[in-house]
2 protein chains.
Amino acid sequence: MDQRRTDTREQIQSVALELFAEKGYDRASLREIAERLHVTKAALYYHFRTKDDILASVIEDFLLQLDALVKWAHEQPSDVDVREEVLRRYSALLTGRTAQLARFMREGMAKIPELALGMKIRAHFAALIDVLAGPGEHTEDRLRAQVALAALQLATLSDPDLEPADDETDRRAAALRIATDLVQPSPPAP
Amino acid sequence: MDQRRTDTREQIQSVALELFAEKGYDRASLREIAERLHVTKAALYYHFRTKDDILASVIEDFLLQLDALVKWAHEQPSDVDVREEVLRRYSALLTGRTAQLARFMREGMAKIPELALGMKIRAHFAALIDVLAGPGEHTEDRLRAQVALAALQLATLSDPDLEPADDETDRRAAALRIATDLVQPSPPAP
DNA sequence: GTCTATAAGGTGATAGAC
DNA sequence: GTCTATCACCTTATAGAC
């Protein structure tokens, strides 16, 4: 079942993501992607219509996971415990393949507003921030939620000044603690 | 005194920075910079040897300000009050022209490690983080400091879901409160 | 599904006149 | 200091054979 003769399409996504994370979307060329796969550029065009499509396809996957998370949150009562669980799940999402994606996605978010993909990404994150910020339209609550997500994202980048041993697990756990603190209601219960 | 016939060089820096912030370094072409200034590409090359040089020149200015801030901090006793003041000063730095720079500088930080400029930027920020993290080599303290800086940076980007009225001042103030909380020693004094 | 070959256009950069 | 003209290169993307 689902036994295609090749898995080239997925390999392209994988290698492309790897390269996007390494040097950013613009600096990653189709030529280099093709070379790493030992195929030609033209072969890529059999699987994807454009370079943008490769990026989009891999981002869409992530947005689907985000969707599921937001949907789940909306089915729960809106309290702090749920928000903390949302952070835990989001942190778990930023792992392996997805970590590479998250690493340069903010680049895409910051990019030209008229870019359709950029708007889509922003919209999805806005939904997540709504959940984390809780009710009310307070500037600071929303910003705290944004910062909490940024903290989790920051953890995926390694700090060159630190032992590699600390990396990954420690950093990820620390980030989760920080993020959790950030979404506490204004006067935290003692 | 210092009355040059033209200020083209500074105008180039200004327009370039504007464009870098708009579309990122890679997507900003020399052609477009030249067009906005109503000069030709070749004219740019009279003032700067390369495109990288334009970016470097404008970043160096910022790094000098960072240096001064770190130097000042080192002359003070290493306590929480000083760290809070460092955050206030850093927040003030992220204003106007410099805000545009900060907006896409993380792009440069994330970029290829072998890039000389990227390493320089990272080194300067590492010094600032050392100050904010306080003594000791705890993963979480350093991460908190990183997140605090990220919070201030995030404030410079506008949240499309919010009234423009809230913008700027409110957001900046909220970010400073969040950042300040983040650099408090582990058990905050009551 | 993958190839060779090539189109079409933009890029950073240089030479040399004015 | 700024121009015109041009270079060499690399990019995404397409056409058509195998």
Side-chain angles (χ1 to χ4, degrees), chain A residues 1-60 104 107-108 111-112 114-118, chain B residues 1-60 104 107-108 111-112 114-118:
Chain A
M1 326 74 178
D2 189 24
Q3 188 67 357
R4 296 192 257 16
R5 289 212 294 293
T6 68
D7 57 345
T8 314
R9 197 190 143 90
E10 273 132 42
Q11 281 186 318
I12 293 174
Q13 289 175 316
S14 198
V15 169
L17 182 52
E18 193 178 303
L19 235 90
F20 292 163
E22 258 176 52
K23 18 201 330 183
Y25 178 68
D26 287 321
R27 292 175 120 91
S29 75
L30 292 181
R31 179 182 55 74
E32 200 168 353
I33 295 175
E35 272 170 9
R36 283 207 189 175
L37 282 170
H38 307 292
V39 297
T40 62
K41 271 186 303 170
L44 306 182
Y45 280 97
Y46 175 81
H47 297 277
F48 297 95
R49 238 171 38 81
T50 66
K51 184 187 180 185
D52 280 357
D53 271 16
I54 302 181
L55 176 62
S57 80
V58 77
I59 287 191
E60 302 280 2
F104 77 102
E107 183 187 306
K111 218 152 261 166
I112 348 172
E114 67 254 33
L115 203 90
L117 187 57
Chain B
M1 325 76 179
D2 190 22
Q3 188 67 358
R4 296 191 255 18
R5 286 213 294 294
T6 68
D7 56 347
T8 313
R9 198 191 143 90
E10 272 132 43
Q11 281 185 317
I12 292 174
Q13 289 174 316
S14 199
V15 170
L17 182 52
E18 195 178 302
L19 235 92
F20 292 162
E22 259 176 52
K23 16 204 327 185
Y25 178 68
D26 288 320
R27 292 175 120 90
S29 72
L30 292 179
R31 180 183 54 75
E32 199 167 352
I33 295 174
E35 272 171 10
R36 284 207 189 176
L37 281 171
H38 307 290
V39 296
T40 61
K41 267 190 306 171
L44 305 182
Y45 280 95
Y46 175 81
H47 298 276
F48 296 95
R49 240 170 38 81
T50 66
K51 185 186 179 185
D52 281 357
D53 271 16
I54 302 180
L55 177 62
S57 80
V58 76
I59 288 190
E60 302 280 3
F104 78 101
E107 182 187 307
K111 217 153 262 165
I112 349 172
E114 66 253 34
L115 204 90
L117 187 56

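Letters A, B, ... are given to chains in the order of the sequence lines, protein chains preceding strands, and every chain is numbered from 1.
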Visitor: Pick the nucleotide of DNA chain D nearest each of B:Lys41 and B:His38; which residue has the one closer to the 5' end?
Guide: B:His38

Visitor: Testing the 3.5 Å rule here: is there a donor-acceptor pair between the side chains of A:Asp53 and A:Tyr45?
Guide: no

Visitor: Return the CG to CZ distance between B:Leu44 and B:Arg49, rounded to the nearest 0.5 Å.
Guide: 14.5 Å

Visitor: Within the structure shown, what part of the strands sits under 4.0 Å from A:Ala34 by heavy-atom distance: base, sugar-phosphate, or nothing?
Guide: nothing

Visitor: Would you say a side-chain N or O of A:Arg49 is under 4.0 Å from OP1 or OP2 of D:dA13?
Guide: no

Visitor: Using whole Å, report how far CD of A:Glu35 lies from P of C:dC3.
Guide: 12 Å

Visitor: Can a side chain N or O of A:Thr50 be found less than 4.0 Å away from OP1 or OP2 on D:dT12?
Guide: no

Visitor: Are side-chain heavy atoms of A:Leu117 and A:Ile59 found at a separation under 4.5 Å?
Guide: yes

Visitor: For the pair made of OH in A:Tyr45 and C1' in C:dT4, what is the distance, rounded to whole Å?
Guide: 16 Å

Visitor: Mind calculating the distance between CD (A:Glu32) and P (D:dT12) to the nearest angstrom?
Guide: 10 Å

Visitor: Rounded to the Å, how far apart are B:Ile33 CD1 and C:dG10 C1'?
Guide: 15 Å

Visitor: Is the phosphate of D:dT11, meaning OP1 or OP2, less than 4.0 Å from a side-chain N or O of A:Ser29?
Guide: yes

Visitor: A:Ala42 side chain: which of D:dT2, C:dT2, D:dT14 is closest?
Guide: D:dT14

Visitor: Roughly how far, to the nearest 0.5 Å, is the CD atom of B:Glu32 from the CG atom of B:Leu37?
Guide: 11.5 Å

Visitor: Measure from CG on B:Leu44 to C1' on D:dC3 and round the result to the nearest Å.
Guide: 12 Å

Visitor: Roughly how many Å is it from NZ in A:Lys51 to C1' in D:dT11, rounded to a whole number?
Guide: 9 Å

Visitor: So, is B:Arg31 close to the C:dG10 phosphate, meaning a side-chain N or O under 4.0 Å from OP1 or OP2?
Guide: no

Visitor: Taking OH from A:Tyr46 and P from C:dC3, how many angstroms apart are they, rounded to a whole number?
Guide: 13 Å

Visitor: Are the side chain of B:Lys51 and the backbone of B:Ala28 linked by a donor-acceptor contact shorter than 3.5 Å?
Guide: yes

Visitor: Whole Å only: how far is the CG atom of B:Asp26 from the C1' atom of D:dC10?
Guide: 14 Å

